[in-house]
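Written out below as C-alpha cells is the structure these notes cover.
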Amino acid sequence: MDKELIDVDTEQTLFCLTLTMYHPNHQDQKVFKGISFSRKEVIKADAVVAFGRDYNICRYPLLSNRVSRIQFSLQLFKQFNCSTSTFEIKNLSKKNKLYVDNLELDYLNKVELPAKCMIRFGDFQILAEIEAGDSDEKFEICCEKSNVSLVQDSFIPTMQPVPECGTLNAVEIDENES
C-alpha cells in the first residue's frame with residue numbers, strides 16, 4: 001500500500017485566513033521585510049499570532065515607526081457550546097486605535113473577526129478573509145501585498161441624522177428668515 005495515500009475519512013481542511021496588506025510606502029522593502037507573501041503558513045490552533053514592530057515577538061513584523069511593538073493579535077477560538085471555530089482580533093497597542101470595519105477597538109478590546117473585513121491602524125490597511133475549515137489542530141495564514149489602497153471612499157458609510165418623528169426633510173431653512 002502506498003504511504004502517500006490519505007484516508008479521506010480522516011482528512012480535515014484547515015481554516016485559512018488570507019490577509020491582503022497595503023501601506024502607502026509599500027515600495028519601501030523594509031515595511032513588509034519580515035513577511036513572506038503568497039505563501040500559506042501552517043500555524044498550531046492554540047497559537048496567538050502577533051503583528052507589530054517587534055521582530056522578536058511578532059510572527060508578522062510591520063516595520064513602521066507608527067506601529068506599536070505589538071499592535072494586535074489574532075487567535076483561533078470556539079464560542080461556548082459551538083462546534084465551529086473562528087478568529088478573534090485584540091488590540092494590543094496603548095497608543096494606536098485599531099479599526100475592524102468601522103468598529104473602533106481601544107487597548108485590550110477584542111472582537112470576533114467577521115468572515116470578510118477591513119482592519120486599519122496607522123497607515124496600514126489589511127483586508128481579512130476567512131475560509132472555513134474543520135481542523136481543531138492547525139490553521140493557515142496567507143499574506144498578500146496590495147499596491148493600491150484597499151479602502152475606497154465608498155467603503156465608509158455616511159451617516160445621516162434621522163429625526164425622531166418621521167423622515168428627514170431635505171429642504172434647508174435659513175434661520176435668519178422670518
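Residues take their numbers from the sequence shown, with the count starting at 1.
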Would you mind telling me which of Glu140, Glu131, Glu137 makes a side chain to side chain contact (heavy atoms under 4.5 Å, CB included) with Leu14?
Glu140

In Å and rounded to the nearest 0.5 Å, what is the SG to CD1 distance from Cys58 to Ile70?
5.5 Å

Distance, nearest 0.5 Å, that separates OG of Ser38 from CD of Glu144
3.5 Å

Between Phe87 and Phe77, does the ring centroid distance fall short of 6.0 Å?
no

Separation of Leu19 CG from Ile119 CD1 (nearest 0.5 Å)
6.0 Å

For the residue pair Phe37 and Phe32, is the inter-centroid distance of their aromatic rings smaller than 6.0 Å?
yes

When you look at NZ of Lys110, are more than 12 heavy atoms from neighbouring residues, nucleotides or ligands closer to it than 6.0 Å?
no

Quiz question: by atom type and distance under 3.5 Å, do the side chains of Gln125 and Tyr99 form a donor-acceptor pair?
no

Run the numbers on Ile89 and Gln75 for side chain to side chain contact (heavy atoms under 4.5 Å, CB included), then give the verdict.
CA-CA 7 Å; Ile89 183 168; Gln75 186 171 19; over 6 Å; no

Judged by atom type as modelled, is there a donor-acceptor pair below 3.5 Å linking the side chain of Asn96 to the main-chain atoms of Arg66?
yes

Closer than 3.5 angstrom, by distance alone: can the side chain of Asp101 be matched with the main-chain N or O of Met118 as a donor-acceptor pair?
yes

Side chains of Asp134 and Phe15 in contact at under 4.5 Å (non-hydrogen atoms)
no

Kindly compute the distance separating CG (Asn102) from SG (Cys117), expressed to the nearest 0.5 Å.
11.0 Å

Using a 3.5 Å cut-off and no angle test, enumerate the donor-acceptor pairs between side-chain atoms of residues 46-54 and protein atoms at least two apart in sequence or in another chain.
unit_1	atom_1	unit_2	atom_2	d
Arg53	NH1	Val67	O	2.4
Asp54	OD1	Asn56	N	2.8
Asp54	OD1	Ile57	N	3.3
Asp54	OD2	Arg69	NH1	2.6

Is there a side-chain contact between Cys16 and Ile130, using heavy atoms and a 4.5 Å cut-off?
no

Could you tell me if Thr86 and Gln79 have a donor-acceptor pair between their side chains, going purely by distance under 3.5 Å?
no

Between atom CG of Leu113 and atom CG of Leu76, what is the distance when rounded to the nearest 0.5 Å?
11.0 Å

Any side-chain heavy-atom pair from Arg120 and Val151 closer than 4.5 angstrom?
yes

